[in-house]
Protein chains: 2
Amino acid sequence: MVIDSPAKADRDRLNLVFAALSDPIRRGMLEQLAAGETSISRLAEPYDVSQPAISKHMRVLERAGLISRTKQGREHRIRVNTAPIEQARGWIGVYARLWKEQFDAVDEYLKIRRKRKGHNT
Amino acid sequence: MVIDSPAKADRDRLNLVFAALSDPIRRGMLEQLAAGETSISRLAEPYDVSQPAISKHMRVLERAGLISRTKQGREHRIRVNTAPIEQARGWIGVYARLWKEQFDAVDEYLKIRRKRKGHNT
DNA sequence: AGAATCAATAACCATATGGTTATATATTGC
DNA sequence: GCAATATATAACCATATGGTTATTGATTCT
């Protein structure tokens with residue numbers, strides 16, 4: 001049983017979102033954005049990488065639609081977009097539940113078997 | 001404000017889990033596993049790629065801890081492991097909530113401002 | 001006006017990725 | 001016993017990734 005595949009655009013977006021989340025620096029940046037909008041240089045502070053590397057990470061997050069930016073003077077103000085992360089959460093939520101149900105069914109079945117065996121012994 | 005970073009092992013695992021989820025073929029395989037344990041050749045059926053490509057995808061899922069396998073004759077029986085996906089869900093859940101609270105705070109603030117402006121007009 | 005700061009891009013590098021074909025091994029079915 | 005099936009790995013290929021230094025342009029600060 002496979003739930004209807006999402007539209008191609010949604011699939012492509014999920015590719016980008018999960019890919020963006022696969023790097024600890026990018027996850028760390030999103031974690032920082034939980035505290036609110038901030039600048040790129042502030043987001044970069046915890047990391048010992050070059051500024052062009054930071055720029056690349058920002059690009060990946062942006063391509064995934066996870067952040068958007070405005071410019072104030074020379075500073076880019078970065079904020080998180082929740083829609084793509086909700087989409088990822090939705091995907092995981094649906095399947096985590098189905099996977100868990102599968103395990104619960106197995107557990108239930110094993111429980112019954114154990115009770116029967118115990119009884120027979 | 002940044003929530004305490006998880007242990008390095010947890011971080012590395014999240015890297016692998018999100019990376020594994022960034023490919024539509026691998027997500028599709030996990031979706032199929034929601035229906036229960038199955039063979040690799042069955043998981044491969046919907047895809048028009050070579051068998052070694054399938055093997056590589058299985059390897060990525062396995063390295064992320066998302067699946068485990070047993071062997072029955074020549075067939076590998078694949079099942080999903082829920083722990084890593086729960087870990088990813090946990091990470092997304094924590095931050096999705098924080099990001100949303102951030103937007104709710106902004107919305108609330110803008111609402112109050114709009115009411116004041118409307119009143120003054 | 002010029003230094004300092006913020007950030008992007010180009011070019012380069014090493015490694016990883018996702019596909020292929022060829023080949024090998026294990027197991028089942030006839 | 002041999003063909004068929006299931007699956008892994010090697011080698012190859014094109015592309016992507018994540019880092020670097022150098023350079024550039026925009027903006028702010030002194």
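Throughout, a chain's letter reflects where its sequence line sits, starting with A, and its residues are numbered from 1. All heavy atoms count here, side chains included; hydrogens, waters and symmetry mates do not.
For B:Ser68, the side chain to side chain contact (heavy atoms under 4.5 Å, CB included) partners are B:Arg79, B:Asn81, not counting sequence neighbours. The salt bridge (charged side-chain N to carboxylate O under 4.0 Å, His left out) test applied to B:Arg27 returns no partner, not counting sequence neighbours. In terms of the side chain to side chain donor-acceptor pair (under 3.5 Å) criterion, residue partners of A:Arg69 (sequence neighbours excluded) are, by chain and number, A:Glu62, A:His76. Listed by chain and number, the residues in a side chain to side chain contact (heavy atoms under 4.5 Å, CB included) with A:Arg13 are A:Val17, A:Pro84, A:Gln87 (sequence neighbours excluded).
For A:Met29 and C:dA7, the CE to P distance is 11 Å, given to the nearest whole Å. Atom NE2 in B:His57 sits about 18 Å away from atom P in C:dA16, given to the nearest Å. The nearest whole Å value for the distance from the CG atom in B:Leu61 to the C1' atom in C:dG18 is 13 Å.
The two residues B:Leu33 and B:Ile78 make their nearest non-hydrogen contact at CD2-O, 3.4 Å.
Comparing C:dG19, D:dA8, C:dA7 by their nearest atom to the side chain of B:Ile25 picks out C:dG19. Side chain of A:Asp23, nearest nucleotide from D:dA8, D:dG18, C:dT17: D:dG18.
Aromatic ring pairs are classed by plane angle as parallel below 30°, tilted from 30° to 60° and perpendicular above 60°; the pair B:Phe18 and A:Phe18 is parallel.
Using a 4.0 Å heavy-atom cutoff across all strands shown, B:Arg26 reaches sugar-phosphate atoms only and no base atom. Note on A:Ser41: only backbone sugar-phosphate atoms sit closer than 4.0 angstrom, heavy atoms only; bases stay farther off.
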Can you give me the N/O atom pairs linking the protein to nucleotides 10-14 of chain C at distances under 3.5 Å, or say none if there are none?
none

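Of the residues in residues 69-76 of chain A, those with a non-hydrogen atom less than 4.0 angstrom from any atom of DNA chain D are A:Lys71, A:Gly73, A:Arg74.
Between A:Leu21 and B:Trp91 there is a side-chain heavy-atom pair separated by less than 4.5 Å.
Phosphate contact (OP1/OP2 of C:dT20, side-chain N/O of B:Ser50, threshold under 4.0 Å): present.
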